[in-house]
K.L.:
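Take a look at this one; I'll ask things after.
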Amino acid sequence: MDDLPGLDPDPLLDELLRAEPVARIRLPFGEGWAWLVTRYEDVRFVTSDPRFSRERVAGREVTTMRPVPVASQTAGLQYVDPPRHTRLRRVVARAFTGRSMRRLRPLAERRAAELLDGMARAGAPTDLMEHLHGPFPLAVLRDFLGVAEEDRQDWAATGEALLSAGADSGERARQAARATRERIAGLLRRRREEPREDLAGVLARAAAEGEITDDEAVSLAIAVQVSGGHAVRNNSGSMMYALLTHPAHLDRLRREPELLPRAVEELFRYVPHRNGVGIPRIATEDVEVGGRLIRAGDVVYNAYLAANRDPRAFPDPDALDFDREHLAHLAFGHGPHHCLAAVMARMEAEVMIGAVLARFPALRLAVPPEEVEFQRRGLIRGPRTLPVTW
């Protein structure tokens, strides 16, 4: 896996999208071969067709991006199919309601304001990742999940380790997985004794009433931690980098703040939020995809990033275009496994970008764009530092 500069799309995915949209691949870990699907319509087909199972992956040795799965293969949402998946998703969805987001947004806005107050006191130049994009998602996640203030740094460290993809990171990832599960299990035990209207409370109550198992509750919370902390940090940092390197777009958002929700959707499409590919599926019968016959038992990966740059779905796909008519991107997946936390990720991106534009109208990069340091050897892409001035 290459460390790609800035927000450059993966050239291999671009090549496969053009020349071999359903291709055979082998990844760094595991065994065997897999299919990789890159076209927008083909990705939508595979991710919504019940003949492609995630549940069949559990316990099977497949070619993969990392030595240890991020999510549990025996509990949680990631490696299950309907009807079990429907049951688990219904429980988690209780925490991602419009009401809960309306409750959470003022808290998020207050967190952002407090963090930007600190950035103003520190003075320019400074690191926007350190002052906003790093701590903000963790603060919102803590409010949403119910994590205690003193645990924030530990959660950040294990989130980094959980998503490390280096060949030498296997034991570190295993230790992080164990530590994270223990920490979340302790939080859920406390919620049984101290009920609250947060995600931990929802999961603890569902486990106590027998709707889900304790192991499923822990795995569901881990999935939210990964998407709600580490991923949001890097994705939102990439969004801000995209805006700072497209000054005309940034100026337009300052003039037209009502455009922000639409701009955020285009930024989700435009920003390459990960390296490589995610969780595979197994074909349960012979299925034709993009003119290729995928046999029963074959492993299939989907390239959401390539699909988001498919010119058949998004004309001039490498352009950042806030007036784009088709905004049905695949940054949050598609079908039954579409990310439940998408509603929170959208809210967080709007709050962060809106707060920065209002508080620092003259914000700009403090270094040339090519000098911004990005994450290395990780599944999630994003700036490690984002030096700014105003």
K.L.:
Can you name the one residue among N308, L327, L320 that meets side-chain contact (heavy atoms from CB on, under 4.5 Å) with R269?
P.N.:
N308
K.L.:
Do other residues, nucleotides or ligands put more than 12 heavy atoms under 6.0 Å from E197 CD?
P.N.:
no
K.L.:
Rounded to the nearest 0.5 Å, what separates atom OG1 in T38 from atom CZ in R18?
P.N.:
10.5 Å
K.L.:
With the 4.5 Å side-chain cut-off for hydrophobic clustering, are V299 and L379 part of the same group?
P.N.:
yes
K.L.:
Is the closest basic N to carboxylate O distance between E256 and R262 below 4.0 Å?
P.N.:
no
K.L.:
Looking at D286 and R295, would you say the former's side chain and the latter's main chain have a donor-acceptor pair under 3.5 Å?
P.N.:
no
K.L.:
Can you tell if the side chain of F96 reaches within under 4.5 Å of the side chain of M101, non-hydrogen atoms only?
P.N.:
yes
K.L.:
Taking atom CZ of F144 and atom CG of L199, what is their separation to the nearest 0.5 Å?
P.N.:
5.0 Å
K.L.:
Less than 4.5 Å apart, any side-chain heavy atom of H249 and any of R252?
P.N.:
no
K.L.:
Taking the side chain from S53 and the backbone from I282, do they hold a donor-acceptor pair closer than 3.5 Å?
P.N.:
no
K.L.:
Check whether any side-chain N or O of R254 sits under 3.5 Å from a backbone N or O of P361 as a donor-acceptor pair, and report yes or no.
P.N.:
yes
K.L.:
In this structure, are over 12 heavy atoms from other groups packed under 6.0 Å from R99 atom CZ?
P.N.:
no
K.L.:
Which value, rounded to the nearest 0.5 Å, describes the distance between L363 atom CG and W390 atom CH2?
P.N.:
7.5 Å
K.L.:
Output yes when a side-chain donor or acceptor of R87 lies under 3.5 Å from a complementary backbone atom of E211, and no otherwise.
P.N.:
yes
K.L.:
According to a hydrophobic-cluster definition based on side-chain heavy atoms being under 4.5 Å apart (Ile, Leu, Val, Met, Phe, Trp, Tyr only), do V356 and V367 belong together?
P.N.:
yes
K.L.:
Report the C-alpha separation of L13 and L36 in whole Å, then their side-chain angles, then the decisive distance to 0.1 Å, and conclude whether the side-chain contact (heavy atoms from CB on, under 4.5 Å) test is met.
P.N.:
CA-CA 9 Å; L13 293 182; L36 178 62; 3.9 Å; yes
K.L.:
Determine, using ring centers only, whether Y270 and F322 are less than 6.0 Å apart.
P.N.:
no
K.L.:
So, R90 side chain and A93 main chain: donor-acceptor pair closer than 3.5 Å or not?
P.N.:
no
K.L.:
Show your working on side-chain contact (heavy atoms from CB on, under 4.5 Å) between L141 and V224 and close with a plain yes or no.
P.N.:
CA-CA 8 Å; L141 178 65; V224 173; 4.0 Å; yes
K.L.:
How far apart are the closest heavy atoms of I25 and Y301, and which atoms are they?
P.N.:
CD1-CD1, 4.3 Å
K.L.:
Measure the shortest side-chain to side-chain distance between M240 and M129 over non-hydrogen atoms and say whether it is less than 4.5 angstrom.
P.N.:
no
K.L.:
Less than 4.5 Å apart, side chain to side chain, heavy atoms only: is that true for T63 and P280?
P.N.:
no
K.L.:
Closer than 4.0 angstrom, basic N to acidic O: yes or no for R292 and D42?
P.N.:
no
K.L.:
Do the charged groups of R56 and D81 touch, with an N to O distance under 4.0 Å?
P.N.:
no
K.L.:
Evaluate the salt bridge (charged side-chain N to carboxylate O under 4.0 Å, His left out) criterion for residues D214 and R192: first the C-alpha distance (whole Å), next the side-chain angles of each, then the deciding distance (0.1 Å), finally the verdict.
P.N.:
CA-CA 12 Å; D214 290 341; R192 288 194 177 191; 2.8 Å; yes
K.L.:
Closest approach of A345 and V232, non-hydrogen atoms and distance?
P.N.:
CB-CG2, 4.4 Å
K.L.:
Closer than 3.5 angstrom, by distance alone: can the side chain of R89 be matched with the main-chain N or O of P336 as a donor-acceptor pair?
P.N.:
yes
K.L.:
What is the minimum heavy-atom distance between L386 and G237, and which atoms define it?
P.N.:
CD2-O, 3.9 Å
K.L.:
Using a distance-only test with no angle check, is there a side-chain donor-acceptor pair under 3.5 angstrom linking D127 and T385?
P.N.:
no
K.L.:
Donor-acceptor check, side chain of R196 to backbone of G201, threshold 3.5 angstrom: yes or no?
P.N.:
no
K.L.:
Taking the six-membered ring of W35 as reference, does the NZ or CZ atom of R24 fall below 6.0 Å from its centre and within a 45° cone about the axis?
P.N.:
yes
K.L.:
Are the side chains of H85 and P82 in touch, meaning some heavy atoms are under 4.5 Å apart?
P.N.:
yes
K.L.:
Parallel, tilted or perpendicular, judged at 30° and 60°: which one describes the rings of F45 and F52?
P.N.:
perpendicular
K.L.:
Taking N302 for the side chain and Y304 for the main chain, is one N or O donor matched with an acceptor at less than 3.5 Å?
P.N.:
no
K.L.:
Could you state whether M65 and V46 fall into the same hydrophobic cluster, counting links through intermediate Ile, Leu, Val, Met, Phe, Trp or Tyr residues with side-chain heavy atoms under 4.5 angstrom apart?
P.N.:
no
K.L.:
For R324 and P315, indicate whether the former's side chain and the latter's backbone hold a donor-acceptor pair under 3.5 Å.
P.N.:
yes
K.L.:
CD of E325: more than 12 outside heavy atoms within 6.0 angstrom?
P.N.:
no
K.L.:
Is there a chain of hydrophobic side chains (I, L, V, M, F, W, Y, each step under 4.5 Å between heavy atoms) that links V351 to L107?
P.N.:
yes
K.L.:
Testing the basics here: between P272 and L305, what is the closest heavy-atom pair and its distance to 0.1 Å?
P.N.:
CA-CD2, 3.9 Å
K.L.:
Apply side-chain contact (heavy atoms from CB on, under 4.5 Å) to residues R181 and I222 and explain how you reach the verdict.
P.N.:
CA-CA 7 Å; R181 294 188 72 82; I222 289 175; 3.4 Å; yes
K.L.:
List the atom of G146, the atom of L187, and the distance in Å for their closest heavy-atom pair.
P.N.:
O-CD1, 3.3 Å
K.L.:
Assess the residue pair R359 and D117 against the criterion (salt bridge (charged side-chain N to carboxylate O under 4.0 Å, His left out)); give the C-alpha distance rounded to whole Å, side-chain angles, the decisive distance to 0.1 Å, and a yes or no.
P.N.:
CA-CA 9 Å; R359 183 64 181 272; D117 284 345; 2.5 Å; yes
K.L.:
Is the backbone of F268 close enough, under 3.5 Å, to the side chain of H329 for a donor and an acceptor to pair up by distance?
P.N.:
no
K.L.:
With R376, which residues qualify under salt bridge (Lys or Arg N to Asp or Glu O under 4.0 Å), at least two apart?
P.N.:
D3
K.L.:
Out of the candidates Q375, R384, H273, R381, only one should pair with N234 under the side-chain hydrogen bond (donor to acceptor under 3.5 Å, both in side chains) rule; please name it.
P.N.:
Q375
K.L.:
With rounding to the nearest 0.5 Å, note down the distance linking CD1 in I184 to CG in L145.
P.N.:
6.5 Å
K.L.:
Find out whether P137 and E348 are in side-chain contact, i.e. whether some heavy atom of one side chain is under 4.5 Å from a heavy atom of the other.
P.N.:
yes
K.L.:
How many angstroms lie between CG in D49 and OG1 in T284, if you round to the nearest 0.5 Å?
P.N.:
8.0 Å
K.L.:
Could you tell me whether the side chain of L128 reaches within less than 4.5 Å of the side chain of M119, counting heavy atoms only?
P.N.:
yes
K.L.:
Under the criterion side-chain contact (heavy atoms from CB on, under 4.5 Å), I'd like the reasoning laid out for R233 against I380: C-alpha separation, chi angles, the key distance, then a yes or no.
P.N.:
CA-CA 10 Å; R233 172 196 188 276; I380 302 297; over 6 Å; no
K.L.:
Centres of the Y241 and H133 rings: under 6.0 Å?
P.N.:
no
K.L.:
For A328 and Y40, which heavy atoms make the closest approach, and how far apart are they?
P.N.:
O-OH, 2.5 Å
K.L.:
Using a 4.5 Å cut-off on heavy atoms from C-beta on, say whether the side chain of V264 contacts that of I353.
P.N.:
yes
K.L.:
Do I212 and L188 land in one hydrophobic cluster if side-chain heavy atoms of ILVMFWY residues count as linked below 4.5 Å?
P.N.:
yes
K.L.:
Mind checking the CG-CG spacing from L7 to D318? Nearest 0.5 Å is all I need.
P.N.:
11.5 Å
